[in-house]
There are 2 protein chains.
Amino acid sequence: MQVFGDYGYVGSTTAQVARAAGVSQPYVVRMFGTKEQLFLDVITRALERLLTSFRQAVADTASAEPLTQRLGSAYVNQLRDRGLLLSLMHAFVLGKDPVIGPAGRGGFMQVYRFLRDEAGFGAAEAQGFLAEGMLINTMIGLRMTDEFDGDPEVRELLECAFPTKIDLVRSLAQ
Amino acid sequence: MQVFGDYGYVGSTTAQVARAAGVSQPYVVRMFGTKEQLFLDVITRALERLLTSFRQAVADTASAEPLTQRLGSAYVNQLRDRGLLLSLMHAFVLGKDPVIGPAGRGGFMQVYRFLRDEAGFGAAEAQGFLAEGMLINTMIGLRMTDEFDGDPEVRELLECAFPTKIDLVRSLAQ
DNA sequence: CCGCTAAGGCATCATACGATTACCTAAACA
DNA sequence: TGTTTAGGTAATCGTATGATGCCTTAGCGG
């Protein structure tokens, strides 16, 4: 997940994944069959973790925070899982691929369905939540936090996008 | 722009670009020096076109529509330029790259500065506009319109994200 | 002690791709 | 007419990469 998040699907090599995992390159290929299957496994796992975290946020009715805010927190907390959100994002821009494409669309719609059916969002509310999420993914992908101290407008934008979580985001982003 | 939009920076080959342009592969390399420089030229051109269109929307004070809506229309109309928004999006997720990264961050902040300084948006308004734009990019990247007729929830989401422009988007997406 | 299986590495292969080199051709033109 | 020059192409090269085949080691039941 870390490697695919950093370099994308095509830009990552099985040798990089192997190095990160501390095994040999051929072993990675043999464990997953192909690089494509490895990437599919990665985004499946990423989605499982994301939805699990979302469901815990829905179930946490003891919290004083409203649901939207709990879900937002759960989303930003995925940054602790390095590469999780970015691996998904890389899949989302490869919709033309005959294998990655359907998987990406299916995963995205799984999240939308969760927001509508399990979180009780309306269509507009769910759409807005997804939009904020995609902006977060983009800014993380851009490594925008690198410029937080250097560019006051970057700082303004980041503080607006992460009103309460900016410190967490900065400490997690790399 | 079309090729990079479809396959991403790493996933595109200079041979594909050459075929799309009707020239030979070595000629593409010689015209731009390297594939990296070609991609930088592509995203520079994409940003120029986007900002030019935005400035026209700001200048069009005769319109009855509010500015936000005019800018939204201008954004969706970039879909006529095949690969424009997606080439940018591919650059945005490669922020770790030592060359693409700074270019992507600079381009993104150019748009943010436009919204703040020239369009007169506040920080929150600009952030919301960018968020909607990134959701649009994601759904176009996912080729979500392919499922418009097949999946009623896809249809609901798309109609919510493009309340007035859904027909245009469907006719342009491929 | 033997044989089986799980876990994993080493060497290597075929291919795709970006880049380079050398070459070609049709105008422009002095 | 000879020569430069713009605008290309074909052939090729070096390398990176995903994939494959074979070997080694260790545990473990009989």
Side-chain angles (χ1 to χ4, degrees), chain A residues 1-46 82-84 86-104 107 141, chain B residues 1-46 82-84 86-104 107 141:
Chain A
M1 233 160 53
Q2 294 177 20
V3 173
F4 282 124
D6 280 349
Y7 305 102
Y9 170 53
V10 190
S12 300
T13 73
T14 54
Q16 283 176 296
V17 174
R19 215 171 308 129
V23 296
S24 69
Q25 179 266 335
Y27 192 54
V28 169
V29 173
R30 215 172 33 180
M31 286 297 284
F32 293 90
T34 64
K35 175 182 164 182
E36 185 177 73
Q37 188 57 52
L38 167 59
F39 187 62
L40 290 176
D41 284 12
V42 162
I43 64 174
T44 298
R45 164 179 295 222
R82 231 192 95 198
L84 191 153
L86 278 184
S87 291
L88 288 175
M89 204 59 182
H90 279 287
F92 291 164
V93 286
L94 292 181
K96 194 178 174 88
D97 184 282
V99 176
I100 315 285
Chain B
M1 234 160 52
Q2 294 177 19
V3 174
F4 282 123
D6 279 349
Y7 304 102
Y9 170 53
V10 189
S12 300
T13 72
T14 54
Q16 283 177 297
V17 173
R19 215 172 306 130
V23 296
S24 68
Q25 179 265 338
Y27 192 54
V28 170
V29 174
R30 216 173 36 180
M31 287 296 285
F32 293 89
T34 64
K35 175 182 162 181
E36 185 177 73
Q37 188 57 51
L38 167 59
F39 186 63
L40 290 176
D41 284 11
V42 162
I43 64 174
T44 299
R45 162 178 295 222
R82 230 191 96 197
L84 191 153
L86 279 184
S87 291
L88 288 175
M89 204 60 182
H90 279 287
F92 291 163
V93 285
L94 292 181
K96 193 176 174 89
D97 185 282
V99 176
I100 314 287

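For the numbers below, each heavy atom of this structure counts, side chains included, while hydrogens, waters and symmetry mates do not. Naming convention: chains lettered A, B, ... in sequence-line order (proteins, then strands); numbering from 1 in each chain.
- The phosphate of D:dT9 has neither OP1 nor OP2 within less than 4.0 Å of any side-chain N or O from B:Tyr27.
- Heavy-atom distances to DNA chain C give each of A:Met31 and A:Gln25 a nearest nucleotide, and the one nearer the 5′ end belongs to A:Met31.
- When distances are taken from the side chain of B:Ser24 to each of D:dA19, C:dG9, D:dT9, the shortest belongs to D:dT9.
- The cationic atom of A:Lys35 (NZ for Lys, CZ for Arg) does not lie both less than 6.0 Å from the six-membered ring centre of A:Phe4 and within 45° of the ring axis.
- The closest side-chain heavy-atom distance from A:Asp97 to A:Glu36 is below 4.5 Å.
- Regarding A:Phe32, its CZ atom lies at a distance of 12 Å from the P atom of C:dG8, rounded to whole Å.
- Within the 4.5 Å cutoff, no side-chain heavy atoms of A:Val28 are placed close to those of A:Met31.
- Between the side chain of A:Gln16 and the backbone N or O of A:Thr13 there is at least one donor-acceptor pair closer than 3.5 Å.
- The stretch residues 3-20 of chain B does not touch DNA chain D, since none of its heavy atoms comes less than 4.0 Å from the strand.
- Protein atom CD of B:Glu36 is 13 Å distant from nucleotide atom P of C:dG18, rounded to whole Å.
- Taking both residues in full, the closest heavy atoms of B:Val3 and B:Ser12 are given as O-OG, 3.2 Å, listed atom of the first, atom of the second, then distance.
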* Apply the test side chain to side chain contact (heavy atoms under 4.5 Å, CB included) to residues A:His90 and A:Tyr7: give CA-CA distance (whole Å), side-chain angles for both, the deciding distance (0.1 Å), then the verdict. => CA-CA 9 Å; A:His90 279 287; A:Tyr7 305 102; over 6 Å; no
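- Scanning both residues, A:Gly5 and A:Ser87, for their nearest heavy atoms gives N-OG, 3.4 Å.
- Recorded end-axis angle for the helix from C:dC1-D:dG30 to C:dA30-D:dT1 stands at 20°, based on five pairs per end and rounded to 10 degrees.
- Closest to the side chain of A:Arg30, out of C:dG9, C:dG18, D:dT9, is C:dG9.
- Side-chain contact check for B:Gln2 and B:Asp6: no donor-acceptor pair (N or O, by modelled atom type) lies under 3.5 Å.
- If you take CZ of B:Phe39 and C1' of C:dG18, they are 16 Å apart, rounded to a whole angstrom.
- Side-chain contact between B:Val93 and B:Met89 is absent, with no heavy atoms from C-beta onward closer than 4.5 Å.
- Distance, A:Leu38 CG to D:dT17 C1': 14 Å, rounded to whole Å.
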